[in-house]
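Quick notes on the structure that follows.
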Amino acid sequence: MDYVPDDNSRYKDVDYWDERYKTEQSYDWLGCFSKFKHLLEKHVQKEDSILILGCGNSSMSGDMYSAGYHSITNIDYSSVCISAMSARNSDCPGMTWHQMDMRELSFPDASFDVVLEKATLDAILVEEKTPWEVSPHTAGLIHQALTEIRRCLKPGGRFVSVTFAYPFFRKRLYARTEYNWSIKEYSYGTGFLYYVYVMTKGEELSPQDAALEKKLLEDTKSPPPTIAQIPFDNDEDFLSNIEF
């Protein structure tokens, strides 16, 4: 089956994913867990309660379980995905699977030590024509998700975001005082880099990130410079279709 949709907007359509998950066994956006395990180990403890957003059919949850992270809750808005992954990982006590939208999490406040997403927020941005100015509608969707993530984190909890997005662009979404978290950034990969952002609840933004937030509120008129198209090796990757 050819999983590449005719239009990027299909990546935001649950029907597309339901159909895809009926036949696709596994796919890992941005590389497998081993690629960024060394970074995750600095911020996530084996005993932490972990929520994985938009788990898909990635091997990441199973790989993390094998590495000793046994308190993992997975959500995805595709019921087909959740059913298949729950059956596939039935021999992993302590790991649970739930159909859920990350913009409307049903968990109580302060439920998790760690919330982790890998390319899930990127999928919300697939229709954006430029990273310089996210549309009000998409910005609202991202804000809903980040607000829910903050709510479900325990004090001192960490939101870990794995993405293709450069710090200059992604921090424009994450650096907001109202989220009540600090931001640290890391990268992995060779040639083309992927990024890991770690937001810690209850810590203040750095002076640089606070200045970024202030600047974004004050200045939205500067014309963007030209950004080179990102090369990808994958045969199918919605990230490579995002226009810059």
Side-chain angles (χ1 to χ4, degrees), residues 17 21 24-78 81-100 102 105 107 110-123 145 148-150 152-165 170 174 181-201 203 233-234 237 239:
W17 291 108
Y21 289 138
E24 185 182 65
Q25 290 300 303
S26 182
Y27 193 88
D28 269 291
W29 310 98
L30 313 184
C32 61
F33 172 63
S34 63
K35 300 295 185 181
F36 59 94
K37 177 182 177 182
H38 62 292
L39 298 175
L40 200 72
E41 289 174 335
K42 298 178 181 179
H43 301 280
V44 183
Q45 306 302 313
K46 298 294 175 60
E47 64 272 16
D48 282 343
S49 55
I50 302 167
L51 171 63
I52 295 181
L53 305 174
C55 61
N57 57 13
S58 166
S59 65
M60 182 173 67
S61 296
D63 291 342
M64 288 182 64
Y65 194 92
S66 297
Y69 300 94
H70 289 173
S71 180
I72 300 177
T73 300
N74 301 273
I75 72 163
D76 198 282
Y77 72 164
S78 168
C81 166
I82 291 301
S83 177
M85 294 300 286
S86 178
R88 190 178 305 170
N89 295 277
S90 60
D91 59 345
C92 298
M95 185 151 66
T96 61
W97 305 84
H98 308 270
Q99 181 188 14
M100 199 178 301
M102 67 179 175
L105 299 175
F107 306 109
S111 293
F112 299 97
D113 297 299
V114 175
V115 176
L116 171 62
E117 70 89 19
K118 181 160 74 82
T120 304
L121 292 178
D122 291 332
E148 280 292 89
I149 291 167
R150 176 203 61 193
C152 288
L153 278 175
K154 297 177 181 179
R158 284 81 64 207
F159 168 42
V160 181
S161 176
V162 185
T163 172
F164 81 107
R170 189 46 55 95
Y174 293 163
W181 58 37
S182 62
I183 307 173
K184 293 182 179 179
E185 64 188 70
Y186 307 89
S187 63
Y188 67 95
T190 56
F192 178 74
L193 297 179
Y194 298 118
Y195 296 91
V196 176
Y197 299 93
V198 179
M199 280 63 71
T200 302
K201 183 176 179 178
E203 294 184 353
D233 294 327
N234 291 342
D237 199 323
L239 304 178

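Given the structure is predicted, the values throughout are model-derived calculations rather than measurements.
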Min side-chain heavy-atom separation V162-L40 under 4.5 Å:
no
Residue pairs passing the salt bridge (Lys or Arg N to Asp or Glu O under 4.0 Å) test with at least one member in residues 49-60, sequence neighbours excluded, are none
Just to verify, what does Y65 make a side-chain hydrogen bond (donor to acceptor under 3.5 Å, both in side chains) with, not counting sequence neighbours?
none
Counting distance only, does the side-chain N/O of S90 pair as donor-acceptor with the main-chain N or O of A87 below 3.5 Å?
yes
Listed once per pair and sorted, the salt bridge (Lys or Arg N to Asp or Glu O under 4.0 Å) pairs that draw on residues 188-198, sequence neighbours left out
none
Among all residues two or more places apart in sequence or in another chain, which pass the side chain to side chain contact (heavy atoms under 4.5 Å, CB included) test with K35?
C32, Y188
By salt bridge (charged side-chain N to carboxylate O under 4.0 Å, His left out), E117 pairs with (sequence neighbours left out) none
If every non-hydrogen atom of C55 is compared with every non-hydrogen atom of D76, which pair is closest and at what distance?
N-OD2, 3.5 Å
Does this structure show an ion pair linking K37 with D63, if we count only N-O contacts that are shorter than 4.0 Å?
no
Can you list everything that forms a side-chain hydrogen bond (donor to acceptor under 3.5 Å, both in side chains) with E185? Sequence neighbours excluded, please.
K171
Which residues pass the salt bridge (charged side-chain N to carboxylate O under 4.0 Å, His left out) test with K184, not counting sequence neighbours?
none
Ring pair (Phe, Tyr, Trp, His ring centres under 6.0 Å) filter on H98, not counting sequence neighbours, yields none
Do the charged groups of D122 and R170 touch, with an N to O distance under 4.0 Å?
yes
Verify whether one side chain among S161 and Y174 offers a donor that lies under 3.5 Å from an acceptor in the other.
yes
Salt bridge (charged side-chain N to carboxylate O under 4.0 Å, His left out) with R150: which residues, sequence neighbours excluded?
none
Test side-chain hydrogen bond (donor to acceptor under 3.5 Å, both in side chains) applied to E41 - qualifying residues, sequence neighbours left out:
none
What residues, two or more places apart in sequence or in another chain, satisfy ring pair (Phe, Tyr, Trp, His ring centres under 6.0 Å) together with W97?
none
List in chain and number order the residues that pass side chain to side chain contact (heavy atoms under 4.5 Å, CB included) with S182, two or more places apart in sequence or in another chain; answer none if no residue qualifies.
T200, E203
